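As structure tokens, the structure follows; a few thoughts come after it.
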Protein chains: 2
Amino acid sequence: MTRKLMNNLSVDCVVFGFDGEQLNVLLVERTLISPETQEVIFSDLTLTGYHIYEDEDLDSAAARIVKDLTGLENIVLEQFYSFGALDRLLHPNDQAWLEQFGDVFSNRVVTVGYYSLLPSTNVKIILKGRNVSWYKVSEVKGLAYDHDHVLQKALEHLRYKFWHEPIGFELLPMKFTLSQMQKLYEAVLGTQFDKRNFRKKVSQMNYVVALNERQTGVAHKPAQLFMFSRDVYEKTRKERFDFFV
Amino acid sequence: MTRKLMNNLSVDCVVFGFDGEQLNVLLVERTLISPETQEVIFSDLTLTGYHIYEDEDLDSAAARIVKDLTGLENIVLEQFYSFGALDRLLHPNDQAWLEQFGDVFSNRVVTVGYYSLLPSTNVKIILKGRNVSWYKVSEVKGLAYDHDHVLQKALEHLRYKFWHEPIGFELLPMKFTLSQMQKLYEAVLGTQFDKRNFRKKVSQMNYVVALNERQTGVAHKPAQLFMFSRDVYEKTRKERFDFFV
DNA sequence: TCACTAAAGTGTATATAGTACACATTTTAA
DNA sequence: TTAAAATGTGTACTATATACACTTTAGTGA
């Protein structure tokens, strides 16, 4: 018994990772090869995504896609926006690519965008038969379909959340240094922070807890390690009246 | 030539209005009448929404729905979330209702949620053959389908935005008093603000401009009128590093 | 026209958070 | 032993947030 795909509904996952310096995103190579000549007709990159099954809800579809790709379960997955422009699959390359699949997929596909934050970029990527790898977000352009736009929207949402609440600990190792945390914020938000002021801010967050442990194997004074405590966070989280002036 | 509807994709619009005291939402009466006995089988309320046409993008579908309903164009319409739970249409009432339409609509419909903010609640509602009216958000429950959930999500998004940036002027008359503005914020956010502190905050927003005009026809000292200047807002808007402690 | 009603409008003192800024400390590696 | 590299720390100043109560003004009706 085979599950049936919905021909006009897909989920795209923008999988973010952080390597200590830069914000990265997982992309899949899409190479169209002529069946006759075996020549490469074109080759480009897409976000990771797939159509959803008829018996699958949106969140499950997103989780499935990330799991098929990375083997990881229970990672952060947040729906951020849906895309339904009429021309989102109409570029000649996209049409040529989709032709391979006959009429399994419609020309009119609405896709629901999710982003996910991975514990680190040291994740084994397993997508049989396709090249998947990390790319620096700052250097990505010319993606297939409307994926430049989708990535842009995902970034906007990520930045908005970073500005307004303390998230993104999923992008750090479980035990991290304050410098790593600062670099993450700087990479995502595209800003620089003063070290002392950043630490002052962090010291007010009692859900960032100091461990009795230091870095090892570095050729300089080893930094203290910290951990994010979701427990403390959920308990002390509060809304604030902070609309901008 | 008739346009074709997509049987598994819809848009739902959560239309918010403010009456000076309470936050309201537009709901449509859904009454199922037995074709034989003409008895009312059930009657309940839904958000305003409809399936999308094959040649229509998501934003246009949302705009169409609000326009059909209120006659208004160019109002704020923001996509906030999409809903695709498998059981969202499976309540017996929902099934009975949908049976009327044969197989025009699938049992598996993903809906894209938009909310819109109306200039005031003094809007002529025109939806031929259906009762549409305003309900206090705080008193709404037991909506059809998963619309309680959709409304809840819309509210969360609205509140989140209200906390973090100054929006919602679309819910006020073009010329408004500071007390009206304060009441709006209190209604949406479910808080109370100190009048002097609220005004101090507002006086820092140079996009809330004082007019050379006062209220008329009130049995007390008439208040000064203010206007929102989108121009000034766009120019002075800036991001801020304000994640919570 | 006078007294009442109802909401508008206004200031200060205190506490908290944000910003700007520079040097000594600690470890490893050569 | 020294050099290199990143850690870790404090203060003065400015800006914003918060708590709090009385006077002013126009309309209404006796």
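Chain letters run A, B, ... following the sequence lines, proteins first and then strands; every chain starts at 1. These numbers were taken from a predicted model, which means no experiment stands behind them.
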Whichever of B:Lys221 and A:Val218 has the more 5' nearest nucleotide on DNA chain C, that residue is B:Lys221

**Message:** Reading DNA chain C from 5' onward, which residue's closest nucleotide shows up sooner: A:Ala219 or A:Arg196?
**Reply:**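 First, find each residue's nearest nucleotide; the 5'-ward one identifies A:Arg196.
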
Residue-phosphate contact under 4.0 Å: [X] side-chain N/O, [N] OP1/OP2:
| X | N | value |
| --- | --- | --- |
| A:Arg199 | D:dG8 | yes |
| A:Gln204 | C:dG18 | yes |
| B:Ser179 | C:dA8 | yes |

Taking atom types as modelled and ignoring hydrogens, do the side chains of [X] and [Y] form a donor-acceptor contact shorter than 3.5 angstrom?
| X | Y | result |
| --- | --- | --- |
| A:Glu165 | A:Tyr160 | no |
| B:Gln182 | B:Glu186 | yes |
| B:Tyr145 | B:Asp12 | no |

Worksheet item: Does B:His220 or A:Gln215 map to a spot on DNA chain D nearer the 5' end, using the closest nucleotide for each?
Response: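 In this pair, the answer is A:Gln215.
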
When A:Pro222 and A:Asn197 are each assigned the nearest nucleotide of DNA chain D, the 5'-most assignment goes to A:Pro222

Roughly how many Å is it from [atom1] in [X] to [atom2] in [N], rounded to a whole number?
| X | N | atom1 | atom2 | result |
| --- | --- | --- | --- | --- |
| A:Arg214 | D:dA6 | CZ | C1' | 12 Å |
| A:Phe198 | D:dT9 | CZ | P | 15 Å |
| A:Asp194 | D:dG10 | CG | P | 14 Å |
| A:Leu178 | D:dT9 | CG | C1' | 12 Å |
| A:Phe226 | D:dG8 | CZ | C1' | 10 Å |
| B:Lys201 | D:dT18 | NZ | P | 7 Å |
| B:Glu213 | D:dA26 | CD | P | 16 Å |
| A:Phe193 | C:dT19 | CZ | C1' | 13 Å |

Under 4.0 Å between a side-chain nitrogen and a carboxylate oxygen: does that hold for A:Glu170 and A:Arg230? yes

D:dT11 base to A:Lys200 side chain: any donor-acceptor pair below 3.5 Å? yes

Please confirm whether any donor atom in the side chain of A:Lys195 sits under 3.5 Å from an acceptor in the base of D:dG8, or the reverse.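 Per atom types, the contact qualifies.
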
Between A:Leu77 and A:Tyr114 the two heavy atoms that sit nearest each other are CD2-CB, 4.0 Å

